[in-house]
Amino acid sequence: MKIKDLLKAEGIKLGATATDKMDAINQLIDLQVASGNVADRETYKKAILAREKESTTAMGEGIAIPHAKTSAVEKPGLAAMTVPNGVDYEAPDDEPSDLFFMIAAPNTKDNVHLEVLSRLATMLMDEDFVANLRKAKTPEEFLGVIDAAESDKVAAEEEKAAAAASGANGMPDILAVTACPTGIAHTYMAAEALEKKAKEMGLTLKAETQGSVGAKNVLTAEEIANAKGIIIAADKNIDLARFGGKPVYVTSVSKGINEPEALINKILNGEAPIQEGSAVSAAPAEKDSIAHTFYKNLMNGVSHMLPFVVGGGILIAIAFLLDGAAAGQSDFGSHSPLAHFFKATGDTAFGFMLPILAGYIAMSIADRPGLAVGFVGGALANAGYSWGWLGGGAAVGGGFLGALFAGFIGGYLTKWLEKACDKLPDALEGIKPVLLYPLLGCLGIGIVMFTVNPVFAAINNGMTSVLNSMGTTNLVLLGAIVGGMMSIDMGGPFNKAAYVFGTAMLAEGTTAGQVIMASVMVGGMVPPIAVALSTTIFKNRWTKADRQAGIVNYIMGLSFISEGAIPYAAADPGRVIPSCIIGSAVAGAISAAAGCTSPAPHGGFWVVAIIGNPLMYFVSLLVGSVVGCLILSFLKKPLSPEESGLA
């Protein structure tokens, strides 16, 4: 397909006059309608104006490219217009615009036309080409200028591709990523401007375009590792994680078009800040293994969950600290209005933790359509709804493990829906992401979670029954067991079973019950502190981000918030969980052996004033945390200086 296939003589208006920006838009839309490209004029106009609201499509130098991708477009097409006297189109250089191309793109799976339109956008960066268009007297002459220039452009593209394939150009000096909200015109114009200016400056620059047709000219790990720096010229969010350790300068896509030399000099002059994160490897990319794919999906959920754990946990800790006078009471943490405020806010943040975990795991698997499905699945796991609950039964949640399950099932369910919906007519392409995927996906994950939640409830109830059957004949052994159980899943069924057992024993009003409650609480305090100690003492086992987050775990551990260790346990369960289980079991056993008691079911270190034998309680916490720290640090292999950020 070529540009002349999208632009017809009836879609061209030369020597026009326009009173203002809206008048120019209306005339261009009329040309699209006359060419048979637009089926619904008003819907198309709304889409054009919505794009203009995000930022003007005037490029400067007298050029404007209004565009929209919408179901109102019957077939892809172009309209063109020259306005010799110019019109104020809110251009970045404040100059009037006199050359217009309006793009109409349909919502279909076939995006060949978008590649052709991107070629036109880059051709408009050529001053001679633009000058010849302005001088054209007839639509036929106008089309002839475009056809000749496009032939030269295609030949240049083929030559460039052949050179890249043969490795003739070597590693680029500078890299760039360009993107705009719709990814039709500005994305490619910015890439062209940067590459062209770099060539004039005696440099090589490779630009990755993230447009409507997907990412093109994708930057490799080897290119990133060898580049002087990266320019991000984009008006939408770009994932910068792969550029860790490299100079990265972030700006708007319009700056990429209008100020390419200034941006290149930002890199050359060392004015770009270093992107946080580990330095990239120059090793060629390999296909991910199943295990590594699982890990990446999991970590996407964990990294997004972490702010909720940290923020909510600290707020709850503040509530306990402020409410010390109510320690031991049923409303501890919420007794005073100020404490209640912090507790309610922290609990709300915690309430998002599991849905966020599941939602972003699903999003990592199925991209944006998976987010809602995973989020709903995580919320259902947290709530514990089931078919029995619909009949009046109790709701018992699946906790952390249930949310993990919901995230992966939700992601792959969404991918299956996307594949199944590929067989639907192109006319339905636009409603898939906004109607079909969320509707069918949320329905599907609802059916799954209502079905499997009783399994997690059974695990929880089974653990509680085992503990109840043990009685209190051996408090030290029981203290070790319940303490260790607090670290198995840190907020999940095992953790909750031990906690429910402890509170049930406490409710009996016996000293033995208070001993068990103390072991439960100290066992739950160990995981975050053990992790925090390891990140502080054994720095070379952890990344910089891990060490920074580890500091907060001191507070969360002292506050009996085991969930602080979840991000670490989720990222490396084979080492973190066993270490924490052993440390918690040791702490629980020492606490029980010393006869430490807790009349409060929560509060951690902040209720030390009512703890029986507080000195030995502190000793049990310290010993258990150190044991967990040492085992964990022994099991984890040291990272390279680059990976740990200690280089």
Side-chain angles (χ1 to χ4, degrees), residues 297-313 315-316 343-417 433-461 489-496 499 561-564 566-567 569-570:
N297 295 333
L298 176 63
M299 287 308 299
N300 193 58
V302 170
S303 63
H304 284 89
M305 176 186 71
L306 184 60
F308 295 86
V309 177
V310 173
L315 290 173
I316 293 171
K343 184 70 161 52
T345 306
D347 284 344
T348 300
F350 255 36
F352 285 108
M353 184 175 69
L354 296 185
I356 288 292
L357 172 68
Y360 280 92
I361 288 174
M363 185 177 181
S364 179
I365 296 169
D367 210 344
R368 189 173 298 176
L371 180 61
V373 181
F375 202 102
V376 170
L380 291 174
N382 198 29
Y385 298 145
S386 66
W387 303 117
W389 171 79
L390 291 177
V396 182
F400 176 61
L401 296 178
L404 283 178
F405 176 83
F408 282 98
I409 292 297
Y412 287 111
L413 171 63
T414 304
K415 289 200 76 171
W416 177 83
L417 284 173
V434 297
L435 176 61
L436 297 183
Y437 298 156
L439 174 61
L440 298 178
C442 291
L443 173 62
I445 198 65
I447 293 172
V448 171
M449 297 312 296
F450 266 66
T451 302
V452 303
N453 270 336
V455 176
F456 296 109
I459 294 173
N460 194 4
N461 292 335
D489 52 4
M490 305 170 198
F494 289 91
N495 174 285
K496 289 296 188 289
Y499 183 73
I561 300 173
S562 308
E563 287 88 346
I566 284 180

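All of these numbers come straight from a predicted model, not from anything done at the bench.
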Over 60° means perpendicular and under 30° means parallel, so classify the ring planes of Phe450 and Trp389, tilted if in between.
perpendicular
Under the ring pair (Phe, Tyr, Trp, His ring centres under 6.0 Å) test, which residues partner Trp416, sequence neighbours left out?
none
List the residues meeting ring pair (Phe, Tyr, Trp, His ring centres under 6.0 Å) with Tyr360, not counting sequence neighbours, and say none if there are none.
His304
For the [atom1] atom of [X] and the [atom2] atom of [Y], what is their distance to the nearest 0.5 Å?
| X | Y | atom1 | atom2 | answer |
| --- | --- | --- | --- | --- |
| Leu413 | Leu443 | CG | CG | 9.0 Å |
| Asp367 | Thr414 | CG | OG1 | 10.5 Å |
| Leu404 | Asn297 | CG | CG | 11.5 Å |

Would you name the heavy atoms of [X] and [Y] that are closest together and state the gap between them?
| X | Y | result |
| --- | --- | --- |
| Gly407 | Ile365 | O-CD1, 4.2 Å |
| Gly374 | Ala358 | O-CB, 3.2 Å |
| Phe405 | Val448 | CE2-CG1, 3.8 Å |
| Ala366 | Gly411 | CB-O, 3.4 Å |
| Gly370 | Ala362 | O-CB, 3.2 Å |
| Gly377 | Met449 | O-CG, 3.9 Å |

Polar side-chain atom of Asn382 near backbone of Gly378 as donor-acceptor pair, under 3.5 Å:
no
Give the C-alpha distance, both sets of side-chain angles, the deciding distance and a yes or no for side chain to side chain contact (heavy atoms under 4.5 Å, CB included) between Trp387 and Asn453.
CA-CA 9 Å; Trp387 303 117; Asn453 270 336; over 6 Å; no
Apply side chain to side chain contact (heavy atoms under 4.5 Å, CB included) to residues Phe375 and Met363 and explain how you reach the verdict.
CA-CA 9 Å; Phe375 202 102; Met363 185 177 181; over 6 Å; no
